[in-house]
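Below is one structure, written out as structure tokens; comments come after it.
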Amino acid sequence: MRWSGYPINTVKETPAEAEVISHQLMLRAGLVRRLAAGIYTWTPFGLRTLRKVEQIIREEMDRAGALEVLMPAVQPAELWQESGRWEHYGPELLRLKDRHQRDFVIGPTHEEVITDLARRELKSYRQLPANFYQIQVKFRDEIRPRFGVMRGREFIMKDGYSFHISQESLQEGYDLMRDVYIRMFTRMGLEFRSVKADTGSIGGTASEEFQVLADSGEDVIAVSDGVDQYAANLELAPALPPKNPRAAATKPLQKVSTPDRKTIEDVASFLKISAYQTLKLLMVEGGEGGVVALALRGDHDLNAIKAQKLPGVASPLRMASREAVLAATGCEPGFLGPVGLKCPLYADHAAVALADFTCGANEADQHLTGVNWVRDLPEPVPADLRNVIEGDPSPNGTGHLRIRRGIEIGHIFQLGQKYSDAMRATVLDEAGKPVAMYMGCYGIGVTRIVAAAIEQNHDTAGIIWPEPIAPFTVVLISLNATKSEKVRKLSEQLYATLQQVGIDVLLDDRDARPGVKFADSELMGIPHRLVVSDRGIDSGQLEYRHRRATVNAQWPVDEVVNRLLAVHQRGERSSR
RNA sequence: CGGGAUGUAGCUCAGCCUGGUAGAGCACUACGUUCGGGACGUAGGAGUCGGAGGUUCAAAUCCUCUCAUCCCGACCA
């Protein structure tokens with residue numbers, strides 16, 4: 001491709017709408033253009049990277065024996081009514097009517113459609129296992145699209161679905177997909193982790209997310225620094241009970257006046273104690289009416305996912321209303337405590353381990369200090385209620401947890417028979433009896449990967465593409481080509497040769513000043529740069545520079561092609 | 001959904017408080033100079049000031065409504 005024929009401008013100024021670096025750079029480099037909130041056009045440069053990501057996915061899926069299909073973006077409501085998700089999916093599902101007033105949706109995912117295909121085509125256990133995938137546009141009407149293509153409403157996803165005769169076979173297919181994902185993301189040059197995840201509303205048993213580690217990520221994950229390599233979504237990471245036994249009581253129980261000190265922070269600073277010496281009490285709705293109290297150490301945060309799994313607690317978790325709290329305790333939120341409490345109580349392990357702690361007195365403007373379990377109130381029911389924090393021991397026993405942020409680029413699930421039951425997708429087994437197929441589901445955020453790769457690979461000058469997904473491998477910058485016949489000739493010759501040997505080369509043949517070309521090539525993040533100039537030709541050496549390098553190398557003119565082939569092969573290999 | 005903010009040239013923004021002929025930089029066009037790290041000069045094109053209504057002799061500016069976009073929040077007692 002010739003840069004002179006590429007009519008999309010780069011921009012020096014950062015567009016006001018872009019907050020994260022990947023979004024800023026994608027707009028500045030002209031990779032995408034916004035059409036509406038969360039909806040983007042991909043320009044030729046951006047599309048080249050997108051296609052390379054897709055191609056890696058395709059190659060690895062095909063190699064694993066998966067079959068590519070292409071399903072419709074527009075789907076009839078009947079299928080969604082059949083699976084029950086017409087009611088349950090909520091406002092993220094974009095619904096529309098056709099001219100005959102029939103209901104349709106724009107697919108946010110394709111479990112229904114693929115299950116419909118499977119029940120029509122798959123009749124016998126002999127046809128299993130089967131694995132279908134597609135790379136296709138999805139639409140989810142996000143509450144708040146942001147960060148450019150990272151959380152867009154319309155986006156490209158690779159979604160795959162496998163069908164099995166048994167749970168054992170599903171497990172095998174799932175394990176295979178996990179390996180495939182690791183290989184794909186490694187090939188793309190991404191630093192990522194496989195992370196245990198909550199199965200959430202999709203249901204099913206096993207589930208893992210693939211997270212690209214990046215500070216701008218929207219997900220919080222707990223990663224062990226030990227040899228166990230433990231990694232889990234924050235929602236799921238268990239907090240182990242403290243090993244040391246509870247200390248003995250040393251202080252008397254006392255009531256102190258704490259006017260208007262309603263938060264842990266206020267109380268701690270007012271009484272000149274640390275937040276971890278306090279206990280806070282949260283009131284949530286009970287599963288069958290009433291309220292349930294949850295006690296946490298003052299410096300810890302409630303984990304809603306863990307709490308809503310407790311017997312007697314409403315799921316999904318809802319905080320109790322002010323009225324309900326008042327009715328249960330006779331006290332306003334802000335001064336609640338476990339002493340003399342009449343409703344059911346769960347206490348986090350760390351709260352159970354406290355001695356001589358401070359908590360609300362269930363009386364306006366009053367707190368208790370020197371509180372001790374057993375002596376002042378009954379031993380509580382212990383539970384894991386909190387989010388893990390930096391430095392907690394790893395649940396697998398070695399090392400400690402670090403809290404990192406991640407961008408979810410892939411998610412694999414075992415769906416089991418949820419959809420095949422609802423939609424009667426059965427095959428006959430060896431005994432001739434119908435069995436609902438076991439399903440696996442495997443997603444990858446293709447467009448999001450492009451943004452995630454930039455979040456991980458950039459500097460002040462711009463993008464630094466991992467070689468396998470760079471829009472071009474080499475940029476050939478010709479200086480003063482309009483005047484210099486020899487520069488023009490050599491540039492054209494190298495351009496043709498590089499294309500012949502199969503290297504993606506971009507020829508910067510624009511009639512622009514050198515500074516503009518250098519700056520653009522760096523903004524665009526092309527891994528290898530070669531400069532063709534009169535100066536170079538006269539000395540017999542051309543300048544070469546890798547995007548990550550800070551100085552130029554001099555390459556003899558007639559070795560340029562071979563050397564580029566060599567560094568290119570090295571670049572492709574190093575990221576596998 | 002709750003809160004906050006912003007809509008003025010393709011982009012980044014000033015002008016609004018205090019109403020009186022719509023601006024700058026970048027980008028774009030032409031010409032000239034320049035030519036190895038985002039050049040300079042001259043000339044030029046380009047905006048129904050998000051939209052509608054109102055107040056006024058007069059509205060980008062004041063008021064009302066509306067649309068769009070962005071940010072924060074939607075456990076923390």
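A note on names: the letters A, B, ... follow the listed sequences, proteins ahead of strands, and every chain is numbered from 1.
The base of B/rC26 has none of its N or O atoms less than 3.5 Å from a complementary donor or acceptor on the side chain of A/Lys12. The base of B/rC35 has none of its N or O atoms less than 3.5 Å from a complementary donor or acceptor on the side chain of A/Asn480. Looking at A/Arg529, its side chain comes within 3.5 Å of the base of B/rG37 through a donor and an acceptor atom.
Base contact: A/Pro333 has a heavy atom under 4.0 Å from a base atom. Here A/Ile143 lies in heavy-atom contact (under 4.0 Å) with a base. Among the protein residues, A/Leu302 comes within range of the nucleic acid bases, having at least one heavy atom under 4.0 Å from a base atom.
Ionic pairing of A/Arg151 and A/Glu218 is present here: one or more N-O contacts between side-chain nitrogen and carboxylate oxygen are shorter than 4.0 angstrom.
For RNA chain B, none of the residues of residues 359-372 of chain A falls under the heavy-atom distance limit of 4.0 Å.
When both distances must be under 3.5 Å, the Watson-Crick or G-U wobble mate of B/rC65 is B/rG51.
Listed candidates were B/rA77, B/rG37, B/rC11. Nearest to the side chain of A/Met319 is B/rA77. The side chain of A/Asn9 lies closest to B/rA27, out of B/rA77, B/rC70, B/rA27.
Remark: A/Arg513 is in phosphate contact with B/rA39, judged by side-chain N or O atoms under 4.0 Å from OP1 or OP2.
Rounded to whole Å, the distance from CD1 on A/Ile537 to P on B/rG36 is 14 Å. Spacing between atom CG of A/Asp520 and atom C1' of B/rG36 amounts to 15 Å, rounded to whole angstrom units. Atom CD1 in A/Ile264 sits roughly 18 Å away from atom P in B/rC75 (whole-Å rounding). Protein atom CG of A/Asp511 is 12 Å distant from nucleotide atom P of B/rU29, rounded to whole Å.
Under a cutoff of 6.0 Å and an axis angle of 45°, A/Arg95 and A/Trp86 form a cation-pi pair.
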